[in-house]
Amino acid sequence: MKELAAHLKYLPWEVNLYLRGHGPCFGIFTHLTLEEKLLLYKLTRKFDHNSVIVEIGSYLGASTTFLAAAAKENKSQVYCVDTWMNEGMTEGTRDTYQEFISNTTLYQQQIYPLRGRSEDIAKEFDNQIDLLFLDGDHSYKSCRADVESWLPKVKNGGIIILHDYGWSEGVQKVVRDMVKPREKKPGLEMSNLYWTRVKAGS
Ligand SMILES: C[S@@+](CC[C@H](N)C(=O)[O-])C[C@H]1O[C@@H](n2cnc3c(N)ncnc32)[C@H](O)[C@@H]1O
């Protein structure tokens, strides 16, 4: 068994996650690609014990479970903010909360669902954040409101990740206008996902 554990690190990330018991994460419906979900896992793994991870826009729990798989390993907490009413989604209004709860059962020790509108929840949220993942409404107005509400709570050197950066001009403009990367080089980007470490005062 020890030998198997030593070899795990040489296997592809997705195989690694399966062997560590995170297989159920892969079957949840989402528009995120496998590559994007694995990046969420890897970025969350960068943090130490008791880190605070916040996700805005959890929907059915696909991205949540990849954040939570890493949080389970480094004993951190994932706060999930959503109305769970398909806010701003083309699919139309639908209560998705029970589906989210049932899809994320494996991680109920790590996950704290905070049901309500992002801006309202932010007013009550006192913790400093290590990693902030924004995947709510992708219009400029909404994304800007999310960044204004949540970015000041991210620690210096913490990570912000925005989904749908590739196609949403609103998200791109919010990044240009409001996110100050800590490094001189702009934040690393995948085709549809932007992430960077942020500096104090962002
Ligand atoms: C694109 S989905 C999130 C997808 C999810 N991250 C995944 O892994 O598939 C957007 C979610 O954000 C939520 N949402 C949109 N605007 C919101 C707001 N202002 N406050 C709270 N939740 C919001 C919607 O209800 C929806 O569940």
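Whatever order the structure lists ligands and atoms in, that order sets their numbers, starting from 1. Source: prediction; values computed, not measured. Keep in mind that the numbers below use all heavy atoms, side chains included, and drop hydrogens, waters and symmetry copies.
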**Asked** What about Asp146: any of its N or O atoms under 3.5 Å from an N or O on ligand 1?
**Response** no
**Prompt:** To the nearest 0.1 Å, how far is atom 17 (C) of ligand 1 from its closest protein heavy atom, and which atom is that?
**Reply:** Glu87 CG, 3.6 Å
**Request:** Please verify whether a non-hydrogen atom of Gly61 lies at under 4.0 Å from ligand 1.
**Result:** no
**Fill in**
If we number the atoms of ligand 1 from 1 as shown, the ones under 4.0 Å from a heavy atom of Ser58 are 5 (C)
**Message:** Side chain or backbone, does Asp135 bring an N or O within less than 3.5 Å of an N or O on ligand 1?
**Reply:** yes
**Message:** Only heavy atoms of Tyr59, strictly under 4.0 Å: list the atoms of ligand 1 that pass.
**Reply:** 2 (S), 3 (C), 4 (C), 5 (C), 9 (O), 27 (O)
**Request:** Would you mind checking which non-hydrogen protein atom is closest to atom 19 (N) of ligand 1, with the distance to 0.1 Å?
**Result:** Arg117 NH2, 3.5 Å
**Request:** Return a yes/no value for Gly57: is any of its N or O atoms, backbone included, closer than 3.5 angstrom to an N or O of ligand 1?
**Result:** yes
**Asked** Short question: side chain of Lys153, backbone of Leu132 - any donor-acceptor pair under 3.5 Å?
**Response** no
**Item:** Cationic N near anionic O, under 4.0 Å, Glu119 to Lys123
**Value:** no
**Request:** Could you tell me whether Met89 approaches ligand 1 through its side chain, its backbone, both or neither, with non-hydrogen atoms closer than 4.0 Å?
**Result:** side chain
**Message:** Ignoring hydrogens and geometry beyond distance, is a side-chain donor-acceptor pair present between Asp177 and Tyr140 at under 3.5 Å?
**Reply:** yes
**Asked** Less than 4.0 Å between a side-chain N and a carboxylate O, is that true for Asp137 and Arg117?
**Response** no
**Complete:** Under 4.0 Å from one or more heavy atoms of Thr83, ligand 1 contributes atoms 21 (C), 22 (N), 25 (O)
**Prompt:** Does Asp82 reach ligand 1 with a nitrogen or oxygen that is under 3.5 Å from one of the ligand's nitrogen or oxygen atoms?
**Reply:** yes
**Prompt:** Any N/O of Ser118 closer than 3.5 Å to an N/O of ligand 1?
**Reply:** yes
**Prompt:** Ignoring hydrogens and geometry, is there a side-chain-to-backbone donor-acceptor pair from Thr104 to Tyr107 under 3.5 Å?
**Reply:** no
**Message:** Taking CD in Gln109 as the centre, count heavy atoms belonging to other residues, nucleotides or ligands within less than 6.0 Å. Is the count above 12?
**Reply:** no
**Asked** In ligand 1, which numbered atoms sit nearer than 4.0 Å to a non-hydrogen atom of Gly116?
**Response** 20 (N), 21 (C)
**Proximal atoms of ligand 1 relative to Asn86 (non-hydrogen, under 4.0 Å)** = 25 (O)
**Message:** For the residue pair Ser58 / Asp82, report whether a side-chain donor-acceptor contact shorter than 3.5 Å exists.
**Reply:** no
**Request:** Measure up the His138 and Trp167 rings against each other and bin them: parallel (under 30°), tilted (30 to 60°), perpendicular (over 60°).
**Result:** perpendicular
**Message:** Side chain, backbone, both or neither: which applies to Leu32 and ligand 1 if a contact is any heavy-atom pair less than 4.0 Å apart?
**Reply:** side chain
**Request:** Provide the number and element of each atom of ligand 1 under 4.0 Å from a heavy atom of Ser63.
**Result:** 5 (C), 6 (N), 7 (C), 8 (O)
**Message:** Is there a polar contact between ligand 1 and Thr30, counting only N or O atoms under 3.5 Å apart?
**Reply:** yes
**Asked** When the ring planes of Tyr194 and Tyr165 are compared, do they come out parallel, tilted or perpendicular, using 30° and 60° as the limits?
**Response** tilted
**Parallel, tilted or perpendicular: ring planes of His31 versus Phe29, cut at 30 and 60 degrees** = perpendicular
**Message:** Has Asp130 got a side-chain atom pairing as donor or acceptor with Ile53's backbone, closer than 3.5 angstrom?
**Reply:** no
